[in-house]
Enquirer: 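Below you'll find the structure I mean.
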Amino acid sequence: MATLWSPVDPVDAGRSPFCALVALNRTYELVKAGDLEAAAQQARSLSRDGNSGKVPTGFVQEAHALAAYVAVAQSKQVDSAAGRDKLLDTAVESAEKAADLGGPVAERNLRLLNTWRATRKNDRGPFGNPFLDIGLDHGAHGWEERCREIFRQHEGDAGAQSELNWAEERIRGALRGEAGWDVFYQLPLDRSRYVMPSQVPRRLVPPVEALPRRVPVTSGGELETLRARAAVELLDDFRTTAPHLDRHSPVR
């Protein structure tokens, strides 16, 4: 179903576990595509109180982590200091909710965010994950080829090419450091949560089950009686029915 359904509007994550999984993947893909407002809206569907108990806890944690990342990215687009601070407060709150649900990745993400925010604004580097910035998964191979591809696509756009060069340099810098990719805010927290199941849900195609017997069990004696009656009827039929020529047999 996931291959046949590519939703363009927000998915109600509370409708079913499948819808929750589609909503989670849609949020992540929107983040990689840079559609921040749509990503924030979809993430809220996963984490809102009205869907509590309907959405798996792991999905809720991912939604909080995604929402935190999106809020930081959105803060860069706001001119007023008050607006930026409000978004960053929201980002920290979401990251804290993700960390409260446990796991080393969520806890490391929160530390990265707090450290970044505590740094003077003029001394802060970019917060975004450069892999996500170029549309790849965190730590994915093939980032050099992807950078070259994007560079060609933005031929003549000095601003876009400068941002791309900076993202590429951040990746190379992480490769040279001891912490590796851990210097970046990591999404997803757990990639296995995003995998579409290969088995068809029981709700859509129930397993084959034997139907209950509708006639009584026939005993051995009853079967012998039926065979005897059938033999008598066949013999009577042979004695009373004239033979028919086989139209397929050759004429003599």
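Count residues from 1 along the sequence. It should be emphasised that the depicted structure is a prediction, and the values quoted were computed from it without experimental measurement. Quick note: numbers below take in every heavy atom, side chains included, and nothing from hydrogens, waters or symmetry partners.
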Enquirer: Whether the side chain of Gln61 engages the backbone of Ala106 through a donor-acceptor N/O pair (distance < 3.5 Å, no angle test) should be reported.
Expert: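 A pair under 3.5 Å: no.
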
Enquirer: Taking Gly159's backbone N and O only, do any of them form a donor-acceptor pair with Ser162's side chain (distance below 3.5 Å, no angle check)?
Expert: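 Pair absent, no side-chain N/O of Ser162 close to backbone of Gly159.
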
Enquirer: Is there side-chain contact between Leu36 and Gln77, with heavy atoms separated by less than 4.5 Å?
Expert: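 The answer is yes, as the side chains (C-beta and beyond) meet within the 4.5 Å cut-off.
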
Enquirer: Counting only N and O atoms by type, is there a donor-acceptor contact under 3.5 Å from the side chain of Asn165 to the main-chain atoms of Gln161?
Expert: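 Flag set: sc Asn165 to bb Gln161 pair under 3.5 Å.
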
Enquirer: Are Glu233 and Arg229 within salt-bridge range, i.e. N to O under 4.0 Å?
Expert: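 Salt bridge flag = no for Arg229 with Glu233.
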
Enquirer: Would you check if Cys147 and Leu164 make a side-chain contact, meaning some heavy-atom pair closer than 4.5 Å?
Expert: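 A side-chain contact under 4.5 Å exists here.
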
Enquirer: For Phe127 and Tyr69, take the angle between the two ring planes, folded into 0 to 90°, and tell me which bin it lands in: parallel under 30, tilted 30 to 60, perpendicular over 60.
Expert: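 Rings of Phe127 and Tyr69: tilted, as their planes differ by 30° to 60°.
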
Enquirer: Return yes when atom CG of Asp79 has more than 12 non-hydrogen atoms of other residues, nucleotides or ligands closer than 6.0 Å, and no otherwise.
Expert: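 No, CG of Asp79 has 12 or fewer neighbouring heavy atoms, counting only those of other groups under 6.0 Å.
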
Enquirer: So, Glu62 and Arg26, do they make that salt bridge, N to O below 4.0 Å?
Expert: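 No, Glu62 and Arg26 are not salt-bridged.
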
Enquirer: Please evaluate residues Arg111 and Glu96 with respect to the criterion salt bridge (charged side-chain N to carboxylate O under 4.0 Å, His left out), reporting the C-alpha separation (whole Å), side-chain torsions for both, the decisive distance (0.1 Å), and the verdict.
Expert: CA-CA 10 Å; Arg111 289 195 300 271; Glu96 288 175 343; over 6 Å; no

Enquirer: Should the ring pair Trp181 and His138 be called parallel, tilted or perpendicular, given that the plane angle runs from 0 to 90° and is split at 30 and 60?
Expert: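 Answer is perpendicular, since the angle exceeds 60°.
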
Enquirer: With a 6.0 Å cut-off (strictly less than), is the heavy-atom count around CD of Glu178, excluding the residue itself, greater than 12?
Expert: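 No.
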
Enquirer: Would you name the heavy atoms of Leu136 and Ala140 that are closest together and state the gap between them?
Expert: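 The answer is CB-CB, 4.1 Å.
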
Enquirer: Quick one: do Asp133 and Lys32 make a salt bridge, cutoff under 4.0 Å?
Expert: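 No, this pair does not count.
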
Enquirer: Considering only heavy atoms from C-beta outward, does the side chain of Asn129 approach that of Leu187 to under 4.5 Å?
Expert: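 They are not in contact (no side-chain heavy atoms under 4.5 Å apart), so the answer is no.
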
Enquirer: On a heavy-atom basis, which atom in Pro126 and which in Trp116 lie closest, and how many Å separate them?
Expert: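 For Pro126 and Trp116, the tightest heavy-atom pair comes out as C-NE1, 4.1 Å.
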
Enquirer: Distance-only, no hydrogens or angles: does the Asn25 side chain make a donor-acceptor pair with backbone N or O of Tyr194 under 3.5 Å?
Expert: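 Checked: pair present.
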
Enquirer: Under 3.5 Å, is there a donor-acceptor pair between the side chain of Tyr185 and the main chain of Ala65?
Expert: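 Yes, Tyr185 side chain to Ala65 backbone: donor-acceptor pair under 3.5 Å.
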
Enquirer: Where do Ala39 and Thr27 come nearest, in terms of heavy atoms and distance?
Expert: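 Distance-wise, the nearest heavy atoms are O-CG2, 3.5 Å.
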
Enquirer: Are any non-hydrogen side-chain atoms of Leu21 and Val195 less than 4.5 angstrom apart?
Expert: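 They are not in contact (no side-chain heavy atoms under 4.5 Å apart), so the answer is no.
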
Enquirer: Does Arg148 come within less than 4.0 Å of Glu144, counting only side-chain N to carboxylate O?
Expert: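 Salt bridge between Arg148 and Glu144, a charged N being under 4.0 Å from a carboxylate O: no.
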
Enquirer: Are the side chain of Gln74 and the backbone of Leu87 linked by a donor-acceptor contact shorter than 3.5 Å?
Expert: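 No; zero donor-acceptor contacts below 3.5 Å.
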
Enquirer: Is it the case that the side chain of Asn109 and the backbone of Gln186 share a donor-acceptor pair, with hydrogens and angles ignored and the cut-off at 3.5 Å?
Expert: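 Answer holds: yes.
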
Enquirer: Heavy-atom distance under 4.5 Å between the side chains of Arg193 and Leu189, does that happen here?
Expert: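 Arg193 reaches Leu189 side chain to side chain.
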
Enquirer: Which pair of non-hydrogen atoms, one from Arg170 and one from Pro130, has the smallest distance, and what is that distance?
Expert: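 Closest heavy-atom pair between Arg170 and Pro130: NH1-CD, 3.6 Å.
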
Enquirer: Does any N or O in the side chain of Ser45 come within less than 3.5 Å of the main-chain N or O of Gln41, such that one atom is a donor and the other an acceptor?
Expert: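 Not a single qualifying donor-acceptor pair exists.
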
Enquirer: Spell out, as yes or no, whether a donor-acceptor pair under 3.5 Å connects the side chain of Asp157 to the backbone of Ala160.
Expert: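 Yes; judged by distance alone, with no hydrogens or angles, the pair exists.
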
Enquirer: Can you tell me which residue among Gln42, Met196, Arg15 is in a side chain to side chain contact (heavy atoms under 4.5 Å, CB included) with Val22?
Expert: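 The single option meeting the side chain to side chain contact (heavy atoms under 4.5 Å, CB included) with Val22 is Met196.
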
Enquirer: Is a donor on one side and an acceptor on the other found under 3.5 Å between the side chain of Arg124 and the backbone of Arg117?
Expert: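 Flag set: sc Arg124 to bb Arg117 pair under 3.5 Å.
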
